[in-house]
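Data first, discussion second: the structure below is written as structure tokens.
Residue numbering restarts at 1 for every chain, and letters A, B, ... go by the order of the sequence lines. Fair warning: this is a prediction, and the values are worked out from it, not measured in the lab.
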Protein chains: 2
Amino acid sequence: MPADMQATAANDLVSPDRREEVLAAAAECFMRRGYEATSMDDVADALGATKGRVYHHFRSKPELFFEVFRRAIFILIREAGVHETGPGHAADRLRRMARAHILCMMETQAFQRNLTLGVDLYRFGETSAEHKATLEDLMNLRRGYEDAFRRTFAAGAADGSMKALDPSLAMRTLLGAINWVAVWYSPRPGETRAHREKLAEEIVVQVLGGYLA
Amino acid sequence: MPADMQATAANDLVSPDRREEVLAAAAECFMRRGYEATSMDDVADALGATKGRVYHHFRSKPELFFEVFRRAIFILIREAGVHETGPGHAADRLRRMARAHILCMMETQAFQRNLTLGVDLYRFGETSAEHKATLEDLMNLRRGYEDAFRRTFAAGAADGSMKALDPSLAMRTLLGAINWVAVWYSPRPGETRAHREKLAEEIVVQVLGGYLA
DNA sequence: ACGCGAACATACTCGGCAGTATGTCCTCGC
DNA sequence: GCGAGGACATACTGCCGAGTATGTTCGCGT
């Protein structure tokens, strides 16, 4: 019934970010079933809509995924990356970065899981030149974010707040541990922000212990 | 040309584990493109064969994947899990387990990556009762392997060789860090076993540092 | 009050992929 | 030397999913 649907849409006032809803639904679907297994109809169903709506906002399935990916990195940079330039020793800054990163994994899980998927798509996927280029951009964004951790490890060795380890390797093991949160974490019913912050704190203590001076 | 192919097959003597080749090719393909994106023809192509061969050894695509998954866990249990019962403090045993685990990630990467894929398939996939049951079995195997780490963390708190942290959380952060190796690691040309062992050792030192007493 | 475009829905096409049915060859036991 | 079965290849079918073409409705500017 098109008439019903249109009426409903009309009730949503000016609909500021109907596009955003599609993006969130896509992130959820991609996380649950994976990129290839998710059909555009799946995304539409999750919205109680049809493909028409999805294709109205996004040109193709790859571009939809790219937007999810981009959003995921932007969130990480905004929430965690900013702490690179902050007060205190490198160890303190790294603590804040890791803490924020973990909270992102828990609270925007659907988007963050797709970050890992995207990396695989980049390494092995056979995409057409057009997409290859935008994928390259996205990978650079990701690399830039990782570099913030690498630099902070190096800074920690310099200011004496952390052990002098290979910064690249340290970055990888640290990010591995905290990225993995998005894999196993699933929110308890009735869980509050305070709970998540406490959990994040615990993880930070365990994970960073090995790098401190 | 069937004649040619058959002749070639004949040259392979009694073909002890032609099935094994299919399994390895499948693991490689699943890792590269993901489960859904991989077609049975892809697997066949990787072997220079056709679907006929694949379906001769495996009933269906899910069962093929399950076998890859099962193989991955068996390798981990055989190489790393066995060190749970060994000499020394819990910290020493955990070190050996982690070290072996990391080496598995590097040397049987194709199989190990699919372990992660399988977990997602389990959590969200819509499989028919038959498959759901075998998936359940596989998950129990995996859980059992993880429990070895959990128990060793608890043992470490008991024998004083490690900090008294939540063993479940510690297991997750540790496995996260070392599972991630399979994500970023890619073998350098001309790399020897010795190189990998050194790298594994470095990772173990960094990662376990936070848990030691 | 009217036309225009945004925001969808509906109804198709068409290629690719899982699975099957059947044929072919080689080997091994007898 | 011959019949049976293992180990594939070839040739299909049927469906599912990406993308497209074409309505349809509503709000908005004029």
Side-chain angles (χ1 to χ4, degrees), chain A residues 1-23 25-26 29-30 32-67 121 125-128 130-131, chain B residues 1-23 25-26 29-30 32-67 121 125-128 130-131:
Chain A
M1 285 134 207
D4 287 20
M5 299 305 296
Q6 298 308 131
T8 308
N11 292 343
D12 289 343
L13 304 176
V14 257
S15 73
D17 32 26
R18 301 276 293 170
R19 179 192 158 103
E20 214 64 18
E21 292 178 21
V22 179
L23 201 62
C29 289
F30 287 148
R32 296 173 78 92
R33 312 185 225 268
Y35 173 69
E36 304 283 348
T38 300
S39 74
M40 294 301 254
D41 289 297
D42 286 340
V43 178
D45 284 356
L47 290 162
T50 71
K51 269 203 293 213
R53 180 168 172 193
V54 181
Y55 276 101
H56 179 72
H57 292 286
F58 300 92
R59 281 218 201 101
S60 67
K61 190 179 167 186
E63 288 205 12
L64 176 56
F65 178 77
F66 292 156
E67 280 306 303
L121 206 70
E126 307 122 351
T127 53
S128 220
E130 165 92 18
H131 291 152
Chain B
M1 280 136 215
D4 287 22
M5 300 304 296
Q6 297 309 130
T8 309
N11 292 343
D12 288 345
L13 305 176
V14 256
S15 73
D17 32 25
R18 302 277 292 170
R19 179 192 159 102
E20 216 64 17
E21 292 179 21
V22 180
L23 202 61
C29 289
F30 286 148
R32 297 174 78 91
R33 312 185 223 269
Y35 172 70
E36 303 283 349
T38 300
S39 74
M40 293 301 255
D41 290 295
D42 287 339
V43 177
D45 285 355
L47 290 162
T50 70
K51 268 203 293 214
R53 178 167 174 195
V54 181
Y55 275 101
H56 179 72
H57 291 286
F58 300 93
R59 283 220 200 98
S60 67
K61 190 179 168 187
E63 288 205 11
L64 175 56
F65 178 77
F66 292 156
E67 280 304 304
L121 205 69
E126 307 122 351
T127 53
S128 220
E130 165 92 17
H131 291 151

[N] phosphate, OP1 or OP2: any side-chain N/O from [X] under 4.0 angstrom?
{"X": "A/His56", "N": "C/dC8", "result": "no"}
{"X": "B/Arg18", "N": "D/dC8", "result": "yes"}
{"X": "A/His57", "N": "C/dA6", "result": "no"}

Could you say whether A/Gly52 or A/Asp41 is positioned toward the 5' end of DNA chain D, judged by the nucleotide with the nearest heavy atom to each?
A/Asp41
Rounded distance (Å) that lies between atom [atom2] of [N] and atom [atom1] of [X]:
{"X": "A/Leu64", "N": "D/dG17", "atom1": "CG", "atom2": "C1'", "value": "15 Å"}
{"X": "B/Glu21", "N": "D/dA7", "atom1": "CD", "atom2": "P", "value": "13 Å"}
{"X": "B/Lys61", "N": "C/dG16", "atom1": "NZ", "atom2": "P", "value": "16 Å"}
{"X": "A/Arg53", "N": "D/dT22", "atom1": "CZ", "atom2": "P", "value": "24 Å"}
{"X": "A/Asp42", "N": "D/dG19", "atom1": "CG", "atom2": "P", "value": "14 Å"}
{"X": "A/Lys51", "N": "D/dT22", "atom1": "NZ", "atom2": "C1'", "value": "14 Å"}
{"X": "B/Asp45", "N": "D/dA9", "atom1": "CG", "atom2": "C1'", "value": "13 Å"}
{"X": "A/Met40", "N": "C/dT13", "atom1": "CE", "atom2": "P", "value": "21 Å"}

Just call it for A/Ser39: base, sugar-phosphate, or nothing, with non-hydrogen atoms closer than 4.0 Å on any strand.
sugar-phosphate
For the atom pair CD (B/Glu63) and CD (B/Glu130), what is the distance rounded to the nearest 0.5 Å?
6.5 Å
Could you give the distance from CZ (B/Phe58) to CE (B/Met40), rounded to the nearest 0.5 Å?
9.0 Å
Does B/Glu36 reach the side chain of A/Tyr35, with side-chain heavy atoms less than 4.5 Å apart?
no
Counting side-chain heavy atoms from CB outward, which of D/dA9, C/dA18, D/dG19 is closest to B/Thr50?
D/dA9
Once the angle between the rings of A/Phe65 and A/Phe30 is folded into 0 to 90°, is it parallel (under 30°), tilted (30 to 60°) or perpendicular (over 60°)?
perpendicular
Evaluate the side chain to side chain contact (heavy atoms under 4.5 Å, CB included) criterion for residues A/Leu23 and A/Leu64: first the C-alpha distance (whole Å), next the side-chain angles of each, then the deciding distance (0.1 Å), finally the verdict.
CA-CA 7 Å; A/Leu23 201 62; A/Leu64 176 56; 4.2 Å; yes
